[in-house]
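I'd like to ask you about the structure that follows.
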Amino acid sequence: MLSENRILEGVKSGQLKNKTAREIFSILKLRQNEKKNLKTLLLKLCDNGELFKTPHGGFLTPEQAGAFRGTIRGNERGFAFITPESGGSDYFVPHRSVNGAYDGDTVLAVHVPDTKDEALVVRVLERGNKQVVGTLSKSRNMTYVYPDNLRLPRIYVPNTLISGAQNGDKVVCEITSYPSDKAPGGKVVEVLGEGGDLDSEELSIIREFGLEEDFLPAVSEEAERASKAPIVLDGRRDLRSKLIFTIDGEDTRDIDDAVSLEREGENYILGVHIADVSYYVKHNSILDKSAYARGTSVYFPDRVLPMLPKALSNGACSLNEGEDRYALSCEMKFSKNGERLSYDVFKSVICSSHRTTYTEIAALCEKDPQVCRKYGDLTEIVGGMAELCIALESRRKSAGEVNLEVKEAHIYIDNDGEIVIPTAERNIAHRIIEQFMICANEAVAEFLQSKGAPCLYRIHESPAPEKCEKFADFLRDLGLTVKLDYDNVTPKDFRNILTESQDLPAYSVINKIMLRTMQKARYCERNLKHFGLASECYCHFTSPIRRYPDLFVHRVIKCVLDGKSFERYAQIANMAGIDCSERERVADEAERKVDDLYKLMYMNERLGETYDAVISGVTGFGIFCELDNAIEGLIRLEDLPDDAYEFFENKFLLKGRKHSFKLGDSIKVEVADCDLGTMKVLFIPA
């Protein structure tokens, strides 16, 4: 009997390899009434990507044809790149070879002979974008949706399918067809609001990244039920009499970590106490499945899309001042030099004595009289925390920690509803919490590793050799003497570069380029160490309200503490690491895009104002300049004072007849325009 499997096995075995439909019909000695069925099966096998039809009509498996599966990364100028599913370097796809594939599509492609890395798309296997978010452009006869993702084509929408949207509205458009000779077709399924409006634009980004705003009723109901459970000791260590408190930003939405410090002679006893979210969110429950699907909370200047419903994230799991809470505690003993002498991980009940802010703790460290009166019981403890923090920083510096100084804008909405973007700063309180959380994360990772238990390690692999070589070339062009073994770069190598360059004008840019040189941290069931922290063993334990990997780690810890089997977590660790890393990537991109939107709206209210800036990027089409509050804008080539410039790419230099602009130079700029289409702030020299 003729079947897909019979045809596929015949091609694989060689019997039908590279044979045309007519030849296959003859070889298999099929009856005349099976001719149509053969063509249908061949077409289906090609659509599924299991067979590939050659230009002369023969059929091969993708492997026989030298074809591979991959994901398209489009470019607004028409060309694309393909990332192979099997790994390895990307392939370049010129516009003529894209063959109807768009950004995000899964495709079957072949390497073009006699080229190094060029590929040809032979079939689209799966469309990556079923819906797009964009702006509706309506004329008398034709209506199109222009996607916010500039790498996607415009979508034709009949006027009968625009759902009442007006010209210029932001909409969600479902793609319904992919004609080979014209724009894809679609229909409007949601009208988000007027284009250019902050709320509409932010909602567009939320839709673009497929983020969930609300919880299903069953998820919210389960969270409400769980949150009402009374606090009982039940064998937990009672820490409610200890002086434990929280340190967070003024606008923090959920509080999942608290700290304590005591002295034992010259040693410090540091306590890091983390909300026991796993008590309320049971493995494989509706609530857990929802949390896993989200993977992480997503934070925007005006709202948060939480991983857990508010009954837990802002209620029962939040370490609110004066309220008893379940926790997992990690107590660590440190010498006065910051060496960890011992640690203990256990279940506890705590009661936070104070909810403090970074600003208040920094003021306490500076002996501010007003804050000292408010927190008299914390004055000595906070002084000890600052001492321990400095000792820990010193040890990490010696170990080679790559402590990058990359400015990040802190954007928030004030009481009047105005966007506020202050000058970026980081005080001693931020450093205290950062060091204490790193210590707890390392201790917990070592604890699980010592027990042979599964863990989602937070890993940061060594930079790729080719990226290290480019980074070294960049540094040499700046005049730095660099000796790197590209195949065996160590954190200390990078730390030394930062130390040597800290007085250079281009220091902030060196930090940025170093960040791009390093790999992105991710979650993994195997301990592959953390390059940036120069840490041998590291995981995420301290934020289970907002990160699923921390919740995973908490569950395994409790299995170990309770003497229960952790086998089910070992079975899912690999996939959990992959999924959680992907959800984190999506959240990061969405947060970055919303931040860019707020920066744009903020600067749009300041057209004509002048600022001091530093040149943070030099290109053939202009220079990028960064303000003290981390907002970056572009001065286009045509807006620079000379008529003609020569671009020296390796030296990050634009050289004109009278003026030159290079990386790290100071410059005074004027805000000229804000382009919502490209999400760019445009400057001109002041």
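Starting from 1, each residue takes its place in the sequence as its number.
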Look at the aromatic rings of His410 and Tyr412 and report parallel, tilted or perpendicular, splitting at 30° and 60°.
tilted

If every non-hydrogen atom of Ile545 is compared with every non-hydrogen atom of Ile255, which pair is closest and at what distance?
CD1-O, 3.9 Å

Are Asp256 and Arg546 close enough that some pair of their side-chain heavy atoms sits under 4.5 Å apart?
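Asp256 vs Arg546: side chains touch.
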
Derivation and outcome, side chain to side chain contact (heavy atoms under 4.5 Å, CB included), residues Leu239 and Val349:
CA-CA 6 Å; Leu239 304 183; Val349 175; over 6 Å; no

Checking side chain to side chain contact (heavy atoms under 4.5 Å, CB included) for the pair Leu243/Leu378: CA distance, chi angles, key distance, verdict?
CA-CA 8 Å; Leu243 186 51; Leu378 297 184; 3.9 Å; yes

If you measure from the Lys or Arg side-chain nitrogens to the Asp or Glu carboxylate oxygens, is any gap between Lys170 and Asp197 under 4.0 Å?
no

Name all residues meeting the side chain to side chain contact (heavy atoms under 4.5 Å, CB included) criterion together with Glu380; count only those two or more places apart in sequence or in a different chain, and write none if there are none.
none

Would you please indicate if the ring centroids of Tyr292 and Tyr548 are separated by under 6.0 Å?
yes

Which distance, rounded to the nearest 0.5 Å, do you find between the CG of Asp595 and the CZ of Phe300?
8.5 Å

Presence of salt bridge, Glu387 and Arg263, under 4.0 angstrom
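Yes, this pair counts.
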
Ignoring hydrogens, what is the shortest heavy-atom contact between Val444 and Cys539? Give both atom names and the distance.
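Where Val444 meets Cys539 most closely, the heavy atoms are CG1-SG, 3.9 Å.
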
Charged N to carboxylate O below 4.0 Å: is that the case for Lys347 and Asp276?
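Answer for the salt bridge query: no.
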
Asn337 versus Ser335, side-chain donor and acceptor atoms under 3.5 Å
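Looking only at side-chain atoms, Asn337 and Ser335 do not form any donor-acceptor pair under 3.5 Å.
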
Keeping the roles fixed (side chain from Asn441, backbone from Phe541), state whether a donor-acceptor pair exists under 3.5 Å.
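A pair under 3.5 Å: yes.
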
Flag this pair as yes if the NZ/CZ of Arg325 is under 6.0 angstrom from the six-membered ring centre of Tyr279 and inside a 45 degree cone about the axis; otherwise no.
no

In terms of side-chain heavy atoms, does Tyr299 have a donor or acceptor partner in Asp254 at a distance below 3.5 Å?
yes

Minimum heavy-atom distance Arg236-Ala327, with the two atoms named
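So the two residues come closest at NH1-O, 3.2 Å.
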
Honestly, is Arg355 close enough over Phe245, meaning NZ or CZ under 6.0 Å from the six-membered ring centre and within 45° of the axis?
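Negative - Arg355 is either too far from the ring of Phe245 or too far off its axis.
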
Distance, nearest 0.5 Å, that separates OG of Ser535 from CD1 of Ile459:
12.5 Å

Within the side chain of Ser204, is there an N or O that forms a donor-acceptor pair under 3.5 Å with the backbone of Ser200?
yes

Any salt bridge linking Glu213 with Arg207? Criterion: basic side-chain nitrogen under 4.0 Å from a carboxylate oxygen.
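Arg207 and Glu213: salt-bridged.
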
Are more than 12 heavy atoms, taken from residues, nucleotides or ligands other than Glu266, located less than 6.0 Å from that residue's CD atom?
no

Would you say the side-chain atoms of Ser290 pair up with the backbone N or O of Ile286, donor to acceptor, closer than 3.5 Å?
no

Around Lys336, counting heavy atoms of other residues, nucleotides and ligands shown, do more than 12 lie under 6.0 Å from its NZ?
no

State the CG-CD distance between Leu312 and Glu224, to the nearest 0.5 angstrom.
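Answer rounded to 0.5 Å: 8.5 Å.
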
Looking at side-chain heavy atoms only, is the closest gap between Thr106 and Glu85 below 4.5 Å?
yes

Distance-minimising heavy-atom pair for Ala409 and Ile421
CB-CG2, 4.0 Å

Student check: side-chain heavy atoms of Cys439 and Phe334 closer than 4.5 Å
yes

Would the distance check show the side chain of Ser352 and the main-chain N or O of Gly322 forming a donor-acceptor pair, the cut-off being under 3.5 Å?
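No.
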
Value for CG (Leu328) from CZ (Arg555), rounded to nearest 0.5 Å, stands at 12.0 Å

With sequence neighbours excluded, residues passing side chain to side chain contact (heavy atoms under 4.5 Å, CB included) with Pro491:
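With sequence neighbours excluded, Pro491 shows a side chain to side chain contact (heavy atoms under 4.5 Å, CB included) to Val402, Phe531, Ala534, given in chain and number order.
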
Please examine the side chains of Phe436 and Thr542, heavy atoms only from C-beta on, and report whether any two atoms are closer than 4.5 Å.
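Not touching, per the 4.5 Å side-chain cut-off.
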
Flag, side chain of Asn320 to backbone of Glu323, donor-acceptor distance under 3.5 Å:
no

Going by an N to O cut-off under 4.0 Å, is there a salt bridge joining Glu442 and Arg396?
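Counted as a salt bridge, because a side-chain N and a carboxylate O are separated by less than 4.0 Å.
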
When you look at NZ of Lys282, are more than 12 heavy atoms from neighbouring residues, nucleotides or ligands closer to it than 6.0 Å?
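Correct, the count exceeds 12.
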
Other residues, nucleotides and ligands only: do more than 12 of their heavy atoms fall within 6.0 Å of NZ on Lys451?
no

Would a 4.5 Å heavy-atom cut-off, applied to side chains only, mark Leu597 and Glu202 as touching?
yes

Which distance, rounded to the nearest 0.5 Å, do you find between the CD1 of Ile274 and the OG of Ser329?
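Here the interatomic distance stands at 8.0 Å.
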
Tell me whether Lys529 at atom NZ has more than 12 heavy atoms from other residues, nucleotides or ligands lying less than 6.0 Å away.
no

Please determine, by modelled atom types, if Thr490 and Asp493 share a side-chain donor-acceptor pair under 3.5 angstrom.
yes

Asn284, CG: over 12 other non-hydrogen atoms inside 6.0 angstrom:
yes

Stepwise side chain to side chain contact (heavy atoms under 4.5 Å, CB included) test for Met307 and Val281:
CA-CA 11 Å; Met307 184 178 79; Val281 184; over 6 Å; no

Strictly distance-based, threshold 3.5 Å: is any side-chain N or O of Ser450 a donor or acceptor partner for the main-chain N or O of Phe447?
yes

Test item: Asn527 side-chain N/O and Cys537 main-chain N/O as donor-acceptor pair under 3.5 Å
no

Before accepting this row, confirm whether a basic side-chain N of the pair Glu222/Lys289 lies closer than 4.0 Å to the acidic partner's carboxylate O.
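Not counted as a salt bridge, because no side-chain N and carboxylate O are separated by less than 4.0 Å.
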
Specify whether His430 and Tyr358 have parallel, tilted or perpendicular ring planes, treating 30° as the upper limit for parallel and 60° as the lower limit for perpendicular.
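The arrangement is parallel - the two ring planes meet at less than 30°.
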
Could you check whether atom CD of Glu250 has more than 12 heavy atoms from other residues, nucleotides or ligands sitting under 6.0 Å from it?
yes

Could you tell me whether a side-chain N or O of His530 sits under 3.5 Å from a main-chain N or O of Tyr538, the two making a donor and an acceptor?
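Side chain of His530 to backbone of Tyr538: no pair is present.
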
For Lys593, is there an ion pair with Glu589 - N to carboxylate O distance below 4.0 angstrom?
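No, Glu589 and Lys593 are not salt-bridged.
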
Do the side chains of Tyr280 and Leu287 get nearer than 4.5 Å, heavy atoms only?
no

Minimum heavy-atom separation for Val232 to Tyr326, with atom names?
N-OH, 2.9 Å

Do Tyr602 and Ile411 have side chains that get closer than 4.5 Å, going by heavy atoms?
no

Are Val553 and Leu448 close enough that some pair of their side-chain heavy atoms sits under 4.5 Å apart?
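Side-chain contact under 4.5 Å: yes.
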
Rounded to the nearest 0.5 angstrom, the NE2-CG distance for His554 and Leu561 is 11.0 Å

Quick check: closest heavy atoms across Ile247 and Asp257, and the distance to 0.1 Å?
O-OD1, 4.5 Å

Any Lys/Arg nitrogen of Lys242 or Glu262 sitting under 4.0 Å from an Asp/Glu carboxylate oxygen of the other?
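Salt bridge between Lys242 and Glu262, a charged N being under 4.0 Å from a carboxylate O: yes.
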
Looking only at atom types and distance, does a side-chain atom of His354 sit under 3.5 Å from a main-chain N or O of Glu321, one as donor and one as acceptor?
no

Determine, for Glu401 against Arg395, whether the closest basic-nitrogen to carboxylate-oxygen distance falls under 4.0 angstrom.
no

